[in-house]
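These notes concern the structure reproduced below.
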There are 2 protein chains.
Amino acid sequence: MTSTRSTRDGAVDQGVPGSIPSKAADRGIPEATVARLPVYLRALVTLTDQGIATCSSENLATAAGVNSAKLRKDLSYLGSYGTRGVGYDVEYLRYQIAREIGVTQDWPVVIVGIGNLGHALANYAGFSSRGFRVVALLDSDPARVGKELAGLQISGSAALEDLVREHDVAIGVIATPAAAAQEVCDRLVASGVTSILNFAPAVLSVPDGVDVRKVDLSIELQILAYHEQRKALAFGSAARLGDTG
Amino acid sequence: MTSTRSTRDGAVDQGVPGSIPSKAADRGIPEATVARLPVYLRALVTLTDQGIATCSSENLATAAGVNSAKLRKDLSYLGSYGTRGVGYDVEYLRYQIAREIGVTQDWPVVIVGIGNLGHALANYAGFSSRGFRVVALLDSDPARVGKELAGLQISGSAALEDLVREHDVAIGVIATPAAAAQEVCDRLVASGVTSILNFAPAVLSVPDGVDVRKVDLSIELQILAYHEQRKALAFGSAARLGDTG
DNA sequence: CCCTGTGAATATTTTCACAGCA
DNA sequence: TGCTGTGAAAATATTCACAGGG
């Protein structure tokens with residue numbers, strides 16, 4: 001470990017120069033809560049679509065798939081946006097959460113690697129509707145460069161640095177094969193990207209201050225397989241199968 | 001909450017009939033550890049590919065992107081597979097983890113919803129190489145039914161129940177639009193599926209004993225956006241922007 | 001009353017630090 | 001000696017349970 005200390009949320013505590021460490025300015029929301037805010041946001045949008053204007057913590061918790069104590073605790077980190085005895089105004093809470101997450105503004109995003117998955121990501125509608133705008137698609141395969149996809153022309157990878165700077169991109173999506181991921185990551189970071197969503201099955205190493213989140217299909221399946229195996233052992237021939245220990 | 005109690009790992013504690021609750025039989029591995037085992041497994045495969053036969057916890061931790069204390073603690077739940085003063089035998093440890101996860105056997109999987117994403121999932125190579133075999137592709141769109149993809153013919157959704165039973169499928173992948181997800185989920189569960197990987201942006205409700213994992217692009221992006229916003233506030237015009245508090 | 005917001009109690013996860021074995 | 005395996009401590013996260021405002 002170096003002398004820079006990681007905070008709870010995996011970001012970096014660099015003792016920000018002119019900042020006052022007052023409780024209000026440094027409203028440190030727990031990472032577990034941050035990860036659930038988008039879920040609440042989506043649930044609130046669903047409620048709005050159903051014409052529901054007010055909801056209790058119980059209603060919203062059900063819609064979000066959590067229990068109401070957790071929901072209330074999570075919301076308490078943002079402030080007091082409910083009314084005791086009544087509940088929450090759906091629109092108002094939705095706006096407050098969107099603002100807290102930072103999706104009241106639009107984030108430009110680049111996608112690198114337009115194979116099967118990159119293709120699907122580029123066409124994903126939820127992107128644009130939720131505060132993100134795909135501004136560039138990049139691929140190193142000359143056969144793909146120049147093709148149009150989701151209203152954009154696929155650029156060659158040489159254009160990466162220029163495109164990131166031109167559009168002031170802070171968030172990059174990597175959907176390349178594992179072997180290319182680290183190099184792409186390095187180039188994105190060098191160009192100014194400070195958040196990366198990685199779909200490549202590789203561990204990325206990045207400097208402090210850069211956030212990486214990883215989405216990995218086969219890891220998710222393996223986690224399910226573990227639980228399946230336990231269920232099978234529990235119900236089937238008890239503790240016998242394959243246990244050579 | 002009903003009277004069945006959830007265990008730490010989100011599965012169900014049904015007081016398994018004939019099982020002995022001895023420490024060895026009920027090797028309850030913490031969920032956080034279970035989620036990392038596939039990462040270690042992949043790192044070990046990478047080390048093998050590089051011709052490395054032995055590694056220290058430090059080596060493996062670096063390859064997996066965690067710290068060595070965490071790695072050793074995690075591995076300690078599986079047993080003592082290392083050698084003090086030496087390290088771990090890569091092949092041996094790889095096999096032990098694969099067995100613990102349950103990927104020494106092959107799991108049949110169905111994918112429901114063959115749009116952009118389902119298409120990409122069906123073609124995903126990592127599937128077959130990691131203990132999973134796609135045995136059926138299903139879609140409700142007649143225009144897609146009958147088309148061939150990744151060596152399989154797409155079936156109409158009416159065939160769901162038969163296919164699940166025929167192949168004894170325990171794991172289902174949902175890649176339909178949100179509106180269809182719950183119905184598909186219900187049908188999968190009714191046919192015998194007990195683990196679901198959900199790519200649809202919807203909260204699924206399932207009976208006790210069924211595990212659901214969710215993968216959601218826009219949630220991941222929003223989590224990154226939150227941290228981006230914090231970084232921007234920290235470095236930019238300090239704590240002023242949009243903070244009307 | 002009803003339902004939010006929150007301290008306090010529990011549970012889980014991570015990290016430390018070192019005993020103990022090859 | 002060097003590195004694993006693990007109790008104990010610290011940090012996080014979840015749940016309980018109830019004070020308090022509308």
Side-chain angles (χ1 to χ4, degrees), chain A residues 1-2 5-11 13 23 27-37 39-40 44 52-90 92-93 96-97 100 223, chain B residues 1-2 5-11 13 23 27-37 39-40 44 52-90 92-93 96-97 100 223:
Chain A
M1 283 268 158
T2 66
R5 291 181 314 171
S6 298
T7 59
R8 153 186 59 210
D9 56 17
D13 179 355
K23 201 53 171 285
R27 276 217 305 286
I29 300 182
E31 184 59 19
T33 295
V34 170
R36 283 187 294 265
L37 292 180
V39 179
Y40 303 153
L44 287 164
I52 296 169
T54 301
C55 67
S56 66
S57 63
E58 191 64 40
N59 298 155
L60 182 53
T62 301
V66 303
N67 71 51
S68 62
K70 193 187 281 180
L71 172 79
R72 288 200 304 279
K73 181 61 113 178
D74 284 341
L75 294 185
S76 78
Y77 292 114
L78 312 193
S80 292
Y81 295 138
T83 308
R84 288 167 198 239
V86 179
Y88 302 93
D89 180 280
V90 172
Y92 180 62
L93 184 58
Q96 294 301 337
I97 293 180
E100 189 73 43
I223 295 169
Chain B
M1 282 271 159
T2 65
R5 289 183 314 171
S6 298
T7 58
R8 157 184 57 212
D9 56 15
D13 179 355
K23 201 52 172 289
R27 280 217 302 284
I29 299 181
E31 183 60 17
T33 295
V34 169
R36 281 186 297 264
L37 292 180
V39 179
Y40 302 153
L44 287 165
I52 296 168
T54 302
C55 67
S56 67
S57 64
E58 193 63 39
N59 297 154
L60 181 53
T62 301
V66 302
N67 70 52
S68 62
K70 194 186 280 183
L71 173 79
R72 288 201 305 280
K73 182 60 115 179
D74 284 341
L75 294 185
S76 77
Y77 292 114
L78 312 193
S80 291
Y81 296 138
T83 308
R84 287 167 199 241
V86 179
Y88 302 93
D89 180 281
V90 172
Y92 180 63
L93 184 58
Q96 294 301 338
I97 293 180
E100 189 73 42
I223 294 169

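Quick note on labels: first sequence line is chain A, next is B, and so on, each numbered from 1.
As rounded to whole Å, 12 Å separates atom P of C:dG5 from atom CG of A:Leu60. Atom-to-atom, CG of A:Leu75 to P of D:dT14 comes out at 14 Å; the value is rounded to the nearest Å. Look at CG on A:Asp74: it is 7 Å from P on D:dT14, rounded to the nearest Å. Spacing between atom CD of A:Glu31 and atom C1' of D:dA13 amounts to 12 Å, rounded to whole angstrom units. In this structure, the CG atom of A:Asn59 is 15 Å from the P atom of C:dC2, given to the nearest Å. Rounded to whole angstrom, the span from the OH atom of A:Tyr81 across to the P atom of D:dG21 amounts to 20 Å. Rounded to whole angstrom, the span from the NZ atom of A:Lys70 across to the P atom of C:dT6 amounts to 19 Å. In this structure, the CZ atom of A:Arg84 is 10 Å from the P atom of C:dT4, given to the nearest Å.
Relative to the side chain of B:Arg72, the nucleotides C:dC16, C:dT13, D:dG5 differ in distance, and D:dG5 lies closest. Candidate nucleotides D:dG2, C:dT13, D:dA13 were compared by shortest atom distance to the side chain of B:Pro30, and C:dT13 ranks first. Distances from the side chain of A:Ser57 to the nucleotides D:dA8, D:dG5, C:dT4 place C:dT4 closest. You'll find that the side chain of A:Asn67 is closest to D:dT15, out of D:dT15, D:dG5, D:dG22. With D:dC3, D:dA13, C:dT15 as the choices, the nucleotide that has an atom nearest any side-chain atom of A:Ala32 turns out to be D:dA13. The side chain of A:Lys73 has C:dT6 as its nearest neighbour among D:dT6, C:dT6, C:dT14. Each of D:dT6, D:dT4, C:dT4 was ranked by its minimum atom distance to the side chain of B:Ser56; first place goes to D:dT4.
Of the candidates A:Arg72, A:Lys73, A:Lys70, A:Arg72 is the only one forming a side-chain hydrogen bond (donor to acceptor under 3.5 Å, both in side chains) with A:Ser57.
Nearest-nucleotide assignment on DNA chain D puts the 5′-proximal partner with A:Arg36, out of A:Arg36 and A:Thr83.
Nearest heavy atoms, A:Tyr88 versus A:Ser56: CD1-C, 4.3 Å. Between A:Val90 and A:Ile52, the shortest heavy-atom distance links the atoms CG2-O, 3.5 Å. Nearest heavy-atom pair, B:Leu60 versus B:Tyr40, reported as atom, atom and distance to 0.1 Å: CD1-O, 4.3 Å.
Between B:Tyr77 and C:dT12, a side-chain N or O to OP1/OP2 separation shorter than 4.0 Å is absent. For the OP1/OP2 pair of C:dG5 and a distance below 4.0 Å, the side-chain nitrogens and oxygens of A:Tyr88 include at least one atom meeting the criterion.
Under the 4.5 Å side-chain criterion, counting only non-hydrogen atoms from C-beta, B:Ile97 is not in contact with B:Glu100.
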